[in-house]
There are 2 protein chains.
Amino acid sequence: VSFFRSRWVKPPDRLEELDTAELAPGFRASGVACGIKPRGLDLGLVVCDEPKVASAAVFTANAAAAAPVRVCRERAQRHSLRALVANSGNANAATGERGVADAIRMQEAAAASCDLPFPQVGVASTGVIGEPLPIAEVERGISEAAASLRGDGGASFAEAIVTTDRAPKLCSVRCDGISLSVQAKGAGMIQPGFATLLAFVQTDAVVRSPGETLRRAADGSFGRITVDGQLSTNDSVFMQASGASGRELPDGLLEAALMQLALDVAADGEGATRVARVSVSEARDDGEAERVARAIANSPLVQTALFGRDPNWGRAVQAAGMALAGDQVELGGGDVDASDLASDESEVELALRLGRGRGAATVFCSDLTYDYVRINAEYTT
Amino acid sequence: VSFFRSRWVKPPDRLEELDTAELAPGFRASGVACGIKPRGLDLGLVVCDEPKVASAAVFTANAAAAAPVRVCRERAQRHSLRALVANSGNANAATGERGVADAIRMQEAAAASCDLPFPQVGVASTGVIGEPLPIAEVERGISEAAASLRGDGGASFAEAIVTTDRAPKLCSVRCDGISLSVQAKGAGMIQPGFATLLAFVQTDAVVRSPGETLRRAADGSFGRITVDGQLSTNDSVFMQASGASGRELPDGLLEAALMQLALDVAADGEGATRVARVSVSEARDDGEAERVARAIANSPLVQTALFGRDPNWGRAVQAAGMALAGDQVELGGGDVDASDLASDESEVELALRLGRGRGAATVFCSDLTYDYVRINAEYTT
């Protein structure tokens, strides 16, 4: 089965899929168990051997952003990141000054172990919030991870960043003379209930505007999925481009890879069984279409209809009317196509035409199921 | 058991509770079965015998408002409403021109049966959306209802407007020489899944600014509850004040009655087992507090924690951070009081201090349970 298995993702032609553990040439990674989680790998490190790496990162807009996000939000725009260190099992969020100090200690440990200047290390965390990191164990883990870096360490790294994901999410491809590897995690749920998303992109392509390139690809992929409408404190997406291949990224490759991973995250949403593509057209402008699409995608009534295979177009109309509150729209069954919801497909279409203009937007959501309630209600602090 | 059973509701002293079927003096009501629903009462009528009634109404802001809302939204501000006709089983929403014509026919039928001018009749509907009203049956029902109006018809009327409510919601009280009766419905769910709220207030008190009085009381009660964050196409609250007692409404009476009914609606939310009062304080202003309180109250993570009796303060922090996205806040466990969630109480407190100013707001929500998913996923059109 190809990594690009969604009917909504169209990668470039001439694409070769590699062993997913393989990183793009010039990158090495590892994952180790340092004891944050009761079992399994929980500390990952990825390093670019090329000194002149171009890098970029995008972070959550949550005002209560976690310590690692705060620590590297500004620096990531100013410095090129050679190394990225990430842990699972603890989000280092709502941890105050101690949390910030711990995130910096993670950077320092990785910088020392990899013999890099401190500002060239990025840091990310995911897991339980409100609890301090076991920083001594984390520091030991970083040292161990640095000693076990390998060119085929992508799988260990991906495993080290998962929380309640059903499976690690990663890919490795070659296209038009460049290589691209990505590891991501996100399942709409970690211990206390955040839909934290982390993603790490490595490529030997030349990327001239890494910030803009990553921002656009992330907006069009991870930015378009919703499991429960909740914005995490820890979301972070990093890209490192070594440029060693001397060639540029083929059009659409990064976008396709991130889109497939985003759909994998939505499909792996807490208790999710299906994903819907919500398409809104004929809005006054794209912004209005986006508001309406998000209202539909985040409606628990729509999400339960998706779960129940109920082609209930009235729920889409109600959500659209809510998003346009104060205005007046005439919407009927002829403006909605919800019939796909009744199908046996795991990827279904839900389309609404507003009849107000030419704006359009698309958002992807997972369904709201008994398991969502079980996972989130039965966890006890 | 007193009608005012919530610990959050403080009615005025000197209050006498009457048989809930009793309307305020000078009002008559009825409920009949006209065949919209497969069984049970589905058509209600309430009439004020006093020609100089002062009236007011507030309606949903949903842009896809139902036909009855569109038909009486403007008129209700300009004319005093002597009669109100309401049906359950069909929302007359997303029904286009035919729906508007049907809503007007309901008004005309009630006006003819009660011998009133057409503009003095208000209309409301709740039930399945996207289907035309069986208007001939509705007209016959209106005629029958007009023939069976009674001073103790409040219970029949309340029964005629329910959909999936576990029980009719109504009260009748006397205080400081005036009487007040209210009938409401709302359970977060009717056949296709709308949290439609309808409420009807009758009083013989003198109400000099009925519009402002009702708006303020409704904002402070029905406007502060959320079951699933979904704004209905049909929400309508009506008040009729005959002034026959010659006395004004006692301070806080209308507010207490609507607040208790609002809490009854939240407690009767789809699958709900508990209600939380979410209090946000120390915001920059009341508007910011309100945004944060709503984000917390509507978070499925918070609502499942409420169901699971999980004092998970991190979920409140995450929702608050989402509401304040783009800004930065430092929040920890000491800023949240979520311990009440673990109690055996059916009404619990969840409080968050933002440490940014003096703004405050309170919102009430119900929990997200397996039954919410069952009710909404297992219905098949």
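Not measured: the values here are computed from a predicted model. Every chain is numbered from 1, with letters handed out A, B, ... down the list of sequences.
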May I ask you to name which of A/V329, A/T95, A/L324 has the most heavy-atom pairs under 4.5 Å with chain B?
A/V329
Given the options B/D367, B/D371, B/T369, B/T273 meets side-chain hydrogen bond (donor to acceptor under 3.5 Å, both in side chains) only with B/D367
With chain A, which of B/G96, B/G332, B/G99, B/S299 has the greatest number of heavy-atom pairs at distances under 4.5 Å?
B/S299
Ionic contact status for B/R309 with B/E345, cut-off 4.0 Å
no
Check this for me: does any side-chain nitrogen of one of A/E330 and A/R356 sit under 4.0 Å from a carboxylate oxygen of the other?
no
Please state whether the side chain, the backbone, both or neither of B/A65 comes within less than 4.5 Å of a heavy atom of chain A.
neither
Hey, what's the ring geometry for A/Y370 with A/F307, parallel, tilted or perpendicular (30° and 60° as the breaks)?
perpendicular
